[in-house]
Student: 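Below you'll find the structure I mean.
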2 protein chains.
Amino acid sequence: MGNKGENNRQLIVETADQLFYKRGYHQTSFRDIADVTGIPRGNFYYYFKTKDDILNAVVEARLQTYGEILQACEQTASEPRQRLMHFSNMLANFEEDLVQFGCPIGTLCAELAKDRKDLKQVSRAVFVLMRDWLVEQFTALKCVKAEDKATDLLARMQGITVMASVFDDSAFIRRSLVELQEWINEQTPA
Amino acid sequence: MGNKGENNRQLIVETADQLFYKRGYHQTSFRDIADVTGIPRGNFYYYFKTKDDILNAVVEARLQTYGEILQACEQTASEPRQRLMHFSNMLANFEEDLVQFGCPIGTLCAELAKDRKDLKQVSRAVFVLMRDWLVEQFTALKCVKAEDKATDLLARMQGITVMASVFDDSAFIRRSLVELQEWINEQTPA
DNA sequence: GTCTATATGTAGATAGAC
DNA sequence: GTCTATCTACATATAGAC
């Protein structure tokens, strides 16, 4: 009844999201997306003008997804410190994929920073979303320099993910998560 | 006198090294390397069988380069803690490129982890080189769990680089380096 | 809205003259 | 050793029938 189109569009975006993550943006072709979705290559241009437009839609979808994750962190815990704990638990929750493919957001920005700075700016919106939320939590903890703490936490998680992937070492994630959560517990009003 | 060939080979490797860093492996074509070096595309196959072989040569060259950097850290300082300080100073020394293109080794491994795990294993040799050296330094410091400390330091540096690149923020590198060096100073035998 | 056929460009790789 | 011309495959994107 005319909503088949929207279903197809969503299917393309979800599939592209996964493939951009697990193969990379440049290494994902329309053929790849067509093979997974069963939608012919030519149809893509009914929904999107260019491949870049698909990336824009993927970033929008990720903003939605990670926005919901942040909401879940808020609803599961009322105390900011516990919310940060839940946030950092993402390292454990996505352990297997992180080791194999790295962080979906970090690796996308890293890839696009090299030859598509315009798209990198688009992709980093997901990091901005998370950083802003983290600033709220550190501010609620009455930490000094909440902005710095927020970026520090993201940097710690990115570094852990990069090295875990380099050395195919999921145990490193688990060990580092313990240390990271100790660090979170040390964050006080000063 | 027959050594022109070796010069050309070295020129190809050095140019590929730079381009693989600043554009990425997959996004660097033979045409790109030919344009920079002035060597015709067809000639590449006199020196290398495949593009993958060029990557292997680039990794060998990087092992040489970073081996020399580690030697310099050793020769500049006799105390292990000071050697670690010099090592971490790489963040400041390469600040501009790190913000624009990320870490040459980290981003290469991250890219290849997605669709060329075989080449990722090759590329991570540079990390193994650095980690082994760091283990020596932390062991000389009589730290417990020197292996863990070595990987922790690499992870911290990777995370700092990723976020600095994401937010185009070289000031974040400088601030984080101060905190990282405080951490190095806290590493004691206990 | 859906699909096939195709245009246009470029990738890695090869052949063979010089 | 060096260079040009070319092969095959596949990329994004378009045209137009149904």
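Just so you know, these numbers come straight off a predicted model, no measurement behind them. In what follows, chains carry the letters A, B, and so on, assigned in the order in which the sequence lines appear, proteins first and then strands, with residues in each chain numbered from 1. Computed from heavy atoms alone, side chains included, the values below leave out hydrogens, waters and symmetry copies.
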Student: Across the strands shown, which category fits Tyr45(B) at heavy-atom distances under 4.0 angstrom: base, sugar-phosphate, nothing?
Tutor: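 The answer is base, as Tyr45(B) lies within the cut-off (heavy atoms under 4.0 Å) of a base atom.
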Student: Can you tell if the side chain of Leu119(A) reaches within under 4.5 Å of the side chain of Val59(A), non-hydrogen atoms only?
Tutor: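 With C-beta onward as the side chain, the pair stays apart.
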Student: Which listed nucleotide (dT2(D), dA11(D), dA13(D)) is nearest to the side chain of Thr50(A)?
Tutor: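 Closest nucleotide among those given: dA13(D).
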Student: In this structure, are over 12 heavy atoms from other groups packed under 6.0 Å from Glu79(A) atom CD?
Tutor: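 Counting neighbours around CD of Glu79(A), 12 or fewer heavy atoms of other residues, nucleotides or ligands fall under 6.0 Å, so no.
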Student: Which nucleotide in the set dT2(D), dG12(C), dT4(C) lies at the smallest distance from any side-chain heavy atom of Pro40(A)?
Tutor: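 Closest nucleotide among those given: dT4(C).
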Student: If you only use heavy atoms from C-beta on, which nucleotide in dT2(C), dC3(C), dT4(D) is closest to the side chain of Asn43(B)?
Tutor: dT4(D)
Student: Counting just side-chain N and O atoms, does Ser29(B) come under 4.0 Å of either OP1 or OP2 of dA11(C)?
Tutor: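 Yes.
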Student: Donor-acceptor check, side chain of Glu111(B) to backbone of His26(B), threshold 3.5 angstrom: yes or no?
Tutor: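 Such a contact is found between Glu111(B) side chain and His26(B) backbone.
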Student: Which residue is it: Arg62(A), Glu60(A), Glu68(A)? I am looking for the one with a side chain to side chain donor-acceptor pair (under 3.5 Å) to Gln64(A).
Tutor: Glu68(A)
Student: Heavy-atom nearest nucleotide on DNA chain D for Tyr46(B) versus His26(A): which residue maps closer to 5'?
Tutor: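 In this pair, the answer is Tyr46(B).
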Student: Could you state the atom-to-atom distance from CZ of Phe44(B) to P of dA11(C) in whole Å?
Tutor: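 Computing the Phe44(B):CZ to dA11(C):P distance gives 12 Å.
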Student: Relative to the 5' end of DNA chain D, which residue comes earlier, Gly38(B) or Tyr25(A), by the nucleotide with the nearest heavy atom?
Tutor: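 The 5'-side residue here is Gly38(B).
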Student: Quick one: is dT2(C) close enough that its OP1 or OP2 comes under 4.0 Å of any side-chain N or O from Asn8(A)?
Tutor: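 Indeed, a polar side-chain atom of Asn8(A) lies that close.
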Student: Reckon Arg31(A) touches a base, only the sugar-phosphate, or nothing at all at heavy-atom distances under 4.0 Å?
Tutor: sugar-phosphate
